There are 2 protein chains.
Amino acid sequence: MQSHDEKGTGMTEKTPGRPRDAAVSRKLKDTALRLVRDKGYDTVPISAIIAEAGVSRQSLYNRWSTKAELVLDAFYDDSFTRVAQPLPRPDHRGALATFLADIFAHLAENGAALRSLIAAAQADETFRVAFHDRFVAPREEIVTQLLHEAQAAGELPPGRDPELLSAFVHGAFWYRLLNGQTLDDTWARRIADGVFGP
Amino acid sequence: MQSHDEKGTGMTEKTPGRPRDAAVSRKLKDTALRLVRDKGYDTVPISAIIAEAGVSRQSLYNRWSTKAELVLDAFYDDSFTRVAQPLPRPDHRGALATFLADIFAHLAENGAALRSLIAAAQADETFRVAFHDRFVAPREEIVTQLLHEAQAAGELPPGRDPELLSAFVHGAFWYRLLNGQTLDDTWARRIADGVFGP
DNA sequence: TTGATTAATAGACTGCAGTCTACTAAATGC
DNA sequence: GCATTTAGTAGACTGCAGTCTATTAATCAA
């Protein structure tokens, strides 16, 4: 196996051989993030990323096995999933709308990359699982959790199905994103209203 | 421009030059359909399709500008959208469940290809529009229509939002498909119940 | 028959992601 | 020091989608 700790935990685990250069990882992620945001996932070749980062091809593939893994890491580092703040409690319908509006607001910057990563996941099961575990599942969990709480608080009728409704919410999000349709505050509210009823 | 009618309408429009050979188109679509079903979209190279079809590369690209366009055509010819039958009227909830169960049943055969086409649409706006117009929009329309009728029949409360609910339905479908999760009769029923309420 | 036009074929070519090879560099343990 | 191990660089290589060029074949109009 490899060492590859690279100060991930702070305690470098005393592996033999030359240690990984954390600066190389940083440069790759920063460059990938910038180039993909600026020019788009499919327009930016690996050769451009390593050239701008000033790093060899093999150094990239020592760390990530595909372009998609690198880009996921790059965006993950930046923000992407740190939307997972605790949500305001009193009004669950409003909390859901706010949560969605927050995600949708980030789509201006990250939406195109997100679409590319979802696409990449369809051709690469390993990446699909990684993407699901790191990006999809946590967000789904937040909504499911919120809906369970809303149900406990009596704001959502007991007959409703939080897991299904969470699939409705994220499904509508994905469906509109992947079909190139708008997603804004209005849609956040509309989705929340659709879940909680009129 | 080209002639490219190829008996599409029956009335060959008297274009100059050598006419397209309909047998070439047939062989390409049949071969593409079979190979993609058997081996998967990403596993089947163009070179294999033209080799098995016994046709030149250029003949393919004279008809379709990308692999995705060919495969969409191949699956479209076979079935794929002919699920658009008129639906039973008395029970709209049951009609929706049946409609979905029908789609889900076809996923065993076509689900992998559908995922690949959705993925391809994310990197190719021209194809995304074609795919949307030919595949996505008609199905969405069916559900929206059904929900409007259900609302008129009093089976769906007047406060509900058919366009949004349709996005919920197809969204949940896409979301689960793209995340590699099961879609069967149980889910069809569950989604229909989620739309119409408990 | 000839010319114009488009289709079909064969195969070279480009740009891409990802792999592989050869070599050099930095760390550890003796 | 020296051996071992892993990271780094440079660059060749493979397989892919899609483009391009050259040549031949089929149709229509004159």
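Remember, it's a predicted structure, so these values are computed and weren't measured experimentally. All values below come from the heavy atoms of this structure, side chains included, with hydrogens, waters and symmetry mates left out. Convention: sequence-line order gives letters A, B, ...; per-chain numbering from 1.
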With sequence neighbours excluded, residues passing side-chain hydrogen bond (donor to acceptor under 3.5 Å, both in side chains) with B:Q181
none
Rounded off to whole Å, could you give me the CG-to-P distance for the A:L28 and D:dA7 pair?
14 Å
Find the distance A:L60:CG to D:dT9:C1' and express it as a whole number of Å.
14 Å
Side-chain atoms of B:P16 come closest, of C:dT6, D:dT6, C:dT9, to C:dT6
Quick one: side-chain hydrogen bond (donor to acceptor under 3.5 Å, both in side chains) partners of B:S56, sequence neighbours excluded?
B:S59
With sequence neighbours left out, what residues match B:R93 under side-chain hydrogen bond (donor to acceptor under 3.5 Å, both in side chains)?
B:D193
Please list, for nucleotides 22-26 of chain D, all pairs of protein and nucleotide N/O atoms separated by less than 3.5 Å.
from	atom 1	to	atom 2	distance (Å)
D:dA25	N3	B:R18	NH1	3.3

In whole angstrom, what separates B:N62's CG from C:dT5's C1'?
14 Å
Give me each pair satisfying salt bridge (charged side-chain N to carboxylate O under 4.0 Å, His left out) with a member in residues 166-181 of chain A, each pair once, sequence neighbours excluded.
none
Whether B:T15 contacts D:dT27 is assessed here as follows: a side-chain N or O lying under 4.0 Å from the phosphate OP1 or OP2. Is that the case?
no
For B:W64 and D:dT19, give me the distance from atom CH2 to atom C1', rounded to whole Å.
18 Å
Determine, for A:R34 against A:E52, whether the closest basic-nitrogen to carboxylate-oxygen distance falls under 4.0 angstrom.
yes
Using the 3.5 Å cut-off, write out each protein N or O paired with an N or O of nucleotides 15-17 of chain D and the distance between them.
from	atom 1	to	atom 2	distance (Å)
D:dA17	OP1	B:I46	N	3.4
D:dA17	OP1	B:K67	NZ	3.0
D:dA17	OP2	B:I46	N	2.9

Just to verify, what does A:Q151 make a side-chain hydrogen bond (donor to acceptor under 3.5 Å, both in side chains) with, not counting sequence neighbours?
none
Does any pair with a residue in residues 150-161 of chain B pass salt bridge (charged side-chain N to carboxylate O under 4.0 Å, His left out), and if so which ones, sequence neighbours excluded?
A:R190-B:D161
Could you tell me how the ring of A:W174 sits relative to the ring of B:Y175: parallel (under 30°), tilted (30 to 60°) or perpendicular (over 60°)?
perpendicular
How would you list, by chain and number, every residue that makes a ring-ring contact (aromatic ring centres under 6.0 Å, His included) with B:Y61, sequence neighbours excluded?
none
Atom-pair distance (CG on B:D21; C1' on C:dT9), nearest Å:
13 Å
Roughly how many Å is it from NZ in A:K27 to C1' in D:dG8, rounded to a whole number?
11 Å
